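What follows is a set of notes on a single structure, which appears directly below.
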Amino acid sequence: MVNQDDAIVTVWSDIGCPWATLALQTLSARAGERGVTLLVDHRAFPLELFNERPTPKAIIDMEVTAIAGLRPELGWQDWSGPESEYPVSTTPAMAAVQAAKDPSVGGLPASDQLDAALRRAYYEQSQCISVHARILRVAQTCPLVAVSALDAALQRGAGLADVFSQWGMARDLPVQGSPHFFVGGRYAEHNPGVTYHWTAPPGTGFPRLDEYDPAWADEVLDLIETSQVHGTTK
């Protein structure tokens, strides 16, 4: 469930989850400000498999609006591509992130870089990250990713089995949802920093982001820095 290296953040999430993307962008930005080397081990929490349906665009649109309205610095935009190109599935993108962990593609640093780039493509550029060619196009913007090796790996089906395996693990383990962050056995938090509620059940109500406290990112980075200094692993 958790990477055994205490200097690595494990996060269970879906690329199509705005809350997960908010958290990851917050953590990455704060790490950059503090000069902390951040390494993230991404695990798939595929909402479409849990819910047995595509994640409804209407719900994602409302969550994006609620988050971006409070955090405009994220650079998110309303979906501006054709409705016919809206990504009905994020499983292919999550499979690519898993496949990128292979050392021949780039390992964990490449996987994290690709995950961030795919999220930018979706939330900022309205790209259809369900399509193989689009995923590779996004990968070409990632210096750490060996794109030809990623292409070959995906054609062999690499990454997809990992998504399904992690889906099964998440059902049996105490993973509360997307996102759920872990740092070894010292930190575990679902949707950190967020206080929100729906004004009525999805479909009739709206999500209201009451407060977002990014201080959680410093708590995580403090743990990582301590582990990096002492070389702690479990």
Side-chain angles (χ1 to χ4, degrees), residues 1-3 9-27 40-67 76 79 85-101 111-112 114-116 118-123 127-132 134-135 154 157-183 187-209 216:
M1 182 176 73
V2 179
N3 193 297
V9 178
T10 303
V11 58
W12 293 76
S13 76
D14 190 315
I15 288 177
C17 173
W19 304 106
T21 305
L22 165 65
L24 286 163
Q25 287 188 245
T26 297
L27 185 61
V40 179
D41 186 349
H42 292 275
R43 309 291 177 88
F45 192 92
L47 294 170
E48 65 203 61
L49 297 182
F50 279 104
N51 298 325
E52 300 182 348
R53 65 172 186 177
T55 303
K57 180 178 182 296
I59 291 178
I60 293 176
D61 286 348
M62 287 189 287
E63 291 179 337
V64 165
T65 298
I67 295 169
W76 295 1
W79 178 263
E85 292 190 8
Y86 188 80
V88 69
S89 172
T90 54
T91 292
M94 288 188 287
V97 170
Q98 296 305 312
K101 292 180 182 180
S111 173
D112 185 35
L114 179 60
D115 180 89
L118 287 165
R119 292 176 192 269
R120 287 193 301 270
Y122 180 35
Y123 292 95
Q127 294 193 43
C128 183
I129 57 171
S130 299
V131 176
H132 179 77
R134 297 288 182 88
I135 291 170
L154 292 177
L160 187 59
D162 295 309
V163 171
F164 277 89
S165 174
Q166 290 165 13
W167 170 45
M169 290 174 62
R171 286 180 297 179
D172 298 331
L173 296 171
V175 180
Q176 296 178 28
S178 175
H180 201 151
F181 283 78
F182 297 87
V183 182
Y187 181 91
E189 192 70 33
H190 172 240
N191 210 5
V194 172
T195 303
Y196 87 106
H197 70 278
W198 281 83
T199 59
T204 57
F206 298 87
R208 176 172 176 173
L209 179 54
W216 69 271

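Computed from a predicted model, the values in this text were never measured in an experiment.
- When all heavy atoms of Trp12 and Ala44 are compared, the closest pair comes out as CE3-O, 3.6 Å.
- Within the 4.5 Å cutoff, side-chain heavy atoms of Arg119 are placed close to those of Ile15.
- Asp162 pairs by the salt bridge (Lys or Arg N to Asp or Glu O under 4.0 Å) definition with nothing, not counting sequence neighbours.
- Taking a 6.0 Å sphere around CZ of Arg171, one finds it holds more than 12 heavy atoms contributed by other residues, nucleotides or ligands.
- In plain terms, the two heavy atoms of His180 and Gln176 that are nearest each other are ND1-N, 3.0 Å.
- Counting only distance, with no hydrogens or angles, the side chain of Asn51 and the backbone of Arg53 share no donor-acceptor pair below 3.5 Å.
- Side-chain contact between Asn3 and Arg43: present, with at least one pair of heavy atoms (C-beta onward) separated by less than 4.5 Å.
- Counting heavy atoms from C-beta on, the side chains of Asn191 and Pro179 come closer than 4.5 Å.
- Note: Trp167 and Phe50 have perpendicular aromatic rings, judged against thresholds of 30 and 60 degrees for the angle between ring planes.
- In this structure, Trp76 and Leu22 have side chains that are in contact, with non-hydrogen atoms separated by less than 4.5 Å.
- Although no hydrogens or angles enter the test, the distance criterion places a donor-acceptor pair under 3.5 Å between the side chain of Ser111 and the main chain of Val97.
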Going through the checks in order, is the side-chain contact (heavy atoms from CB on, under 4.5 Å) test met by Trp216 and Leu27? CA-CA 9 Å; Trp216 69 271; Leu27 185 61; 3.9 Å; yes

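- Across Trp19 and Ser178, no two heavy atoms sit closer than the pair CB-O, 4.5 Å.
- Scanning both residues, Thr55 and Leu47, for their nearest heavy atoms gives OG1-CB, 3.7 Å.
- Summarising the geometry, atom NE2 belonging to His197 is positioned 10.5 Å from atom CG belonging to Leu209; distances are rounded to the nearest 0.5 Å.
- Using a distance-only test at 3.5 Å, with no hydrogens or angles considered, a donor-acceptor pair links the side chain of Thr199 to the main chain of Phe206.
- Ile60 has its side chain within reach of Pro18: a pair of non-hydrogen atoms, C-beta onward, lies under 4.5 Å apart.
- With hydrogens and angles ignored, the 3.5 Å screen pairs a side-chain donor or acceptor of Ser130 with a backbone N or O of Ser89.
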Check the pair Leu49, Phe164 against side-chain contact (heavy atoms from CB on, under 4.5 Å), reporting the backbone distance first and the verdict last. CA-CA 9 Å; Leu49 297 182; Phe164 277 89; 3.9 Å; yes

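- Remark: the backbone N or O of His42 is paired with a side-chain donor or acceptor of Gln98 at under 3.5 angstrom.
- For Lys101 (side chain) and Gly159 (main-chain N/O), no donor-acceptor pair under 3.5 Å exists by modelled atom type.
- Side-chain contact between Met94 and Gln166: absent, with no pair of heavy atoms (C-beta onward) separated by less than 4.5 Å.
- Contact annotation: the side chain of Ile59 approaches that of Trp198 to within less than 4.5 Å [non-hydrogen atoms, C-beta and beyond].
- Using a 4.5 Å cut-off on side-chain heavy atoms (C-beta onward), Asp115 and Leu24 make contact.
- Taking each heavy atom of Gly16 and Asp14 in turn, the nearest pair found is N-OD1, 2.7 Å.
- Considering every non-hydrogen atom in both Pro192 and Tyr187, the closest pair reads CB-OH, 3.6 Å.
- Rounding to the nearest 0.5 Å places NE2 of His190 at 10.0 Å from CZ of Phe182.
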